Amino acid sequence: MLSLAVTVTLTAVSPLPAAPRPAPAPPPPLAFGPCPSSVPEPAPPARVTCGRLAVPLDHHDPHGPQIHIAVSRVRATGTPAERRGVLLVNPGGPGGSGLPYAVTKRAKLPQSVQRAYDVIGFDPRGTGLSTPADCGPMGGLFDAPGADPLPRDGHEEKDHLDRLRRLAADCAHTVGPALPHLSTEQTAHDMDALRAALGEPTIGFLGVSYGSYLGAAYAAAHPHRVGRMVLDSVVGPWSWHDFDVRQARALLRQRATLFRWLARDPDRYGLGNTPRAVRLAYTRVRAGLARHPVDGFGPAAFDRAVYRALGRTERWAALGDGLHRYLRDGTVTGLRPAEDFAGPASRTYEAANRVVKCADGPGPAPADVLADIRRLRRLDPLPILTGLEASACAYWHRGPAHRTPLGSPHAPPALLVASAHDPVTPLEGAYALRRTLPGARLITLEDDYSHGVFASRGNACVDDTVANYLLDGTQPPTDVHCTGPGLP
C-alpha cells in the first residue's frame with residue numbers, strides 16, 4: 001500500500017468561481033546524508049549521499065497532500081572548470097528504482113562525464129523508497145504456478161480478462177485516491193522540483209528505456225529547463241498498450257533469431273541443428289511446464305524468463321542451457337531467475353508499472369485487448385504476452401482523460417540512441433519519438449540485438465559521440481550509424 005494517508009471528502013456544493021492559488025514557495029535546498037543499504041558505494045574518491053524531497057501528490061494542487069522522493073547524488077570528480085552541472089539518470093520501467101542507479105550507471109560512464117557531472121539518481125514516485133505502490137495480489141499475478149498467460153479459446157479469454165479486471169480492482173483498493181497521480185507527467189514535475197532544490201537553472205538527463213519516455217515528458221512540461229538530454233533505447237510516443245503490442249511483435253522476431261542462433265551449436269545446446277528443431281524443443285519445454293509445473297515454475301514463469309533473456313544477447317546461452325537441462329532431467333534450475341518474482345522489490349515494480357502506465361492515458365477496450373492477442377497468435381501460436389502490461393488499463397479505476405504530453409519544439413535538441421534490433425524498445429519508436437523533439441539526432445548501433453546502448457554495450461563510436469554531446473553540447477551534423485558487434 002502507498003505509504004501515504006490521503007483523505008478525500010466529496011461534498012455537494014454550489015459551484016463557485018475558483019480563487020487563484022498562490023504559487024508554492026521554492027523548495028528548500030536538499031539536505032544530503034547517508035544512503036540506505038540498497039545503494040552501493042562508488043569507487044573512491046567518489047562518494048554517494050542521499051536525501052528526501054517533499055513534493056505535492058498532485059502538482060496541480062501544490063498546497064495539497066505531499067509525498068517524498070528519495071534522491072541520491074555522486075558529485076563530479078573533476079575540477080570546477082570541468083563541471084557541466086547535474087545529470088539526472090533513470091534506468092527505465094516504469095517501476096524501476098533509480099536510487100542506486102546514480103552509482104551503478106555512473107560507474108559505466110566515460111571518465112570525462114564522471115568528472116563533469118554530479119550524477120543524480122531518484123526513485124520515481126510509486127517506486128523504491130518514494131511512496132512505493134502496492135497492488136496486493138494483482139489478480140493472481142504472483143501465484144506460483146500462475147495461470148497460463150496465453151488464452152487460446154473463448155473460455156480462456158474470459159478468464160484472462162477476469163484476471164485483468166481483478167488486477168485493476170486490487171490496485172484501486174490499495175492505492176486509493178493517489179491512483180491518478182502516480183503518472184509520468186507528475187514525475188516530470190517532481191524532476192523540476194528536484195532541479196529547483198538543487199539550485200540548478202537546467203538539468204542534464206540520461207534516460208534509458210522508459211527513462212526516454214520520462215525525458216520526453218519533462219521536455220513537454222518544462223522545455224526551458226532542459227539541458228543536454230540523452231534518450232537511450234527509446235520508447236515510442238504511442239499509447240502504452242500500442243507500445244506493448246509492438247514490443248510483443250518484436251519479441252517474436254528476436255525469438256526467431258534466437259532459434260537460429262541456438263541451432264548453430266547443436267553439440268552445446270542439444271536442441272537440434274535447425275531453427276525448426278529448436279522451436280519444437282522450446283515448445284516441448286513450455287508444454288511440459290504447462291502440464292506439470294516444477295516447484296511452482298509453470299508457463300507464466302517460463303514466459304517471464306524468456307522475455308528477460310530475449311532483451312540481452314549475453315543471456316541467450318544460459319537460456320539455451322536451461323532449455324536443454326529441462327529436456328534432459330526435468331529441472332528448471334537454469335530457467336528460474338535468482339530474484340523471487342513474489343518478493344517485495346518485484347511486487348513494488350509490477351505494481352508501479354501498471355499504476356504508471358494506466359495513469360499515463362486512457363486504456364484499451366477489453367475487446368481490443370483480445371483482438372490484439374488473437375492477431376499475435378496468428379503471427380505465431382506461442383507469442384510472449386509478458387510485456388502486455390497496459391492491458392490491465394482496460395478496467396482501470398480513475399483512468400485519465402488524456403495521454404501524457406511528450407516532446408516540445410521549445411526544448412533544445414536531444415540526442416537519441418538505439419540498437420538496430422532491440423526487441424524491448426524497437427527502433428521504430430526512436431524514429432517516432434524524434435518527431436516530437438525537433439532537431440534531435442539519432443545514433444543507431446547497427447547489427448546489435450540488445451536493450452541498452454550508451455555506456456552499456458562498450459561501443460566506442462556510441463560512447464564517444466554521446467560523451468562529446470554531454471561535455472560541450474556538440475551534436476553530430478547528421479544521424480550516426482555505428483558498427484555493432486553482431487550476434488555472440
Side-chain angles (χ1 to χ4, degrees), residues 59 69 71 84-98 101-102 105-106 109 113 117-125 127 183-195 198 200 202-238 240 243 356-357 360-361 403-419 422 424-425 427 429-443 451-456 462 466 469-470 473 475:
H59 284 271
I69 304 299
V71 180
R84 295 293 182 270
V86 297
L87 183 69
L88 271 66
V89 292
N90 179 272
S97 169
Y101 203 57
K105 186 62 179 181
R106 179 186 176 278
L109 296 176
V113 177
Y117 283 94
D118 295 351
V119 179
I120 309 295
F122 68 103
D123 283 344
R125 54 173 60 202
T127 72
S183 66
T184 300
E185 189 172 7
Q186 293 282 350
T187 297
H189 294 315
D190 294 342
M191 288 169 55
D192 201 59
L194 176 55
R195 174 202 59 76
L198 292 169
E200 297 287 340
T202 61
I203 54 173
F205 183 73
L206 167 60
V208 182
S209 195
Y210 163 72
S212 66
Y213 184 95
L214 175 58
Y218 184 78
H222 302 280
H224 301 296
R225 298 298 189 179
V226 175
R228 292 161 194 170
M229 179 174 285
V230 178
L231 307 181
D232 183 357
S233 302
V234 180
V235 172
W238 310 292
W240 275 117
F243 168 79
V356 172
K357 283 190 171 185
D360 277 352
R403 284 172 48 193
T404 295
L406 300 175
S408 170
H410 306 295
L415 191 59
L416 279 56
V417 188
S419 165
D422 176 2
V424 181
T425 50
L427 180 59
Y431 286 109
L433 187 70
R434 180 167 65 170
R435 289 193 286 272
T436 74
L437 296 164
R441 294 285 185 262
L442 173 62
I443 305 172
H451 183 59
V453 182
F454 169 58
S456 178
V462 171
V466 175
Y469 167 76
L470 288 173
Q475 266 205 324

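Predicted model only: the values in this text are computed from it and were never measured.
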Could you walk me through whether N90 and F205 pass side-chain contact (heavy atoms from CB on, under 4.5 Å), step by step? CA-CA 8 Å; N90 179 272; F205 183 73; 4.0 Å; yes
Would you call L231 and L437 a side-chain contact if the rule is heavy atoms closer than 4.5 Å? yes
CZ/F122 to OG/S97 distance, rounded to the nearest 0.5 angstrom? 10.5 Å
Picking from L470, I203, I120, D118, what satisfies side-chain contact (heavy atoms from CB on, under 4.5 Å) with L87? L470
Is there a side-chain contact between W240 and V235 (heavy atoms, below 4.5 Å)? yes
How many angstroms lie between atom CD of Q186 and atom OG1 of T404, to the nearest 0.5 angstrom? 9.5 Å
Decide side-chain contact (heavy atoms from CB on, under 4.5 Å) for T425 and F243; before the verdict, give the C-alpha distance in whole Å, the side-chain angles of both, and the deciding distance to 0.1 Å. CA-CA 9 Å; T425 50; F243 168 79; 4.1 Å; yes
Drop me the distance from L406's CG to T436's OG1, to the nearest 0.5 angstrom. 6.0 Å
Has R195 got a side-chain atom pairing as donor or acceptor with E200's backbone, closer than 3.5 angstrom? yes
Which atom of P124 lies closest to which atom of T187, heavy atoms considered: CB-CG2, 4.0 Å
Quick one: does S212's side chain have a donor or acceptor within less than 3.5 Å of a partner on V208's backbone? no
Under 3.5 Å, which donor-acceptor pairs do the side chains of residues 214-226 form with other protein atoms, sequence neighbours left out?
{"residue": "Y218", "atom": "OH", "partner": "D192", "partner atom": "OD1", "Å": "2.6"}
{"residue": "H222", "atom": "NE2", "partner": "H189", "partner atom": "ND1", "Å": "3.0"}
{"residue": "R225", "atom": "NH1", "partner": "P201", "partner atom": "O", "Å": "3.0"}

On a heavy-atom basis, which atom in G429 and which in P237 lie closest, and how many Å separate them? O-CD, 4.1 Å
side-chain contact (heavy atoms from CB on, under 4.5 Å) between I443 and V466, worked out: CA-CA 9 Å; I443 305 172; V466 175; 3.7 Å; yes
Can you name the closest pair of heavy atoms from V119 and A102 and give their distance? CG1-O, 3.7 Å
Output for pair (R228 CZ, L415 CG), nearest 0.5 Å, gives 11.5 Å
side-chain hydrogen bond (donor to acceptor under 3.5 Å, both in side chains) filter on Y210, not counting sequence neighbours, yields T184
Say whether, by atom type as modelled, one donor and one acceptor occur between the side chain of R106 and the main chain of V89 under 3.5 angstrom. no
Between R441 and P413, is any pair of side-chain heavy atoms under 4.5 Å apart? no
Rounded to the nearest 0.5 Å, what separation is found between the CH2 atom of W238 and the CG atom of L433? 9.0 Å
Please confirm whether the backbone N or O of S209 pairs with a side-chain atom of S233, one donor and one acceptor, at under 3.5 Å? no
Using a 3.5 Å distance criterion without hydrogens, assess whether the side chain of K105 forms a donor-acceptor pair with backbone atoms of G98. no
Give a yes or no on whether the backbone of Y469 and the side-chain of Q475 come within a donor-acceptor separation of less than 3.5 Å. no
d(D360 CG, S183 OG) to nearest 0.5 Å is 6.0 Å
For V417 and L442, the nearest pair of non-hydrogen atoms, with its separation, is N-CD1, 4.2 Å
Shortest non-hydrogen pair, A440 vs L416, comes out as CB-CD1, 4.0 Å
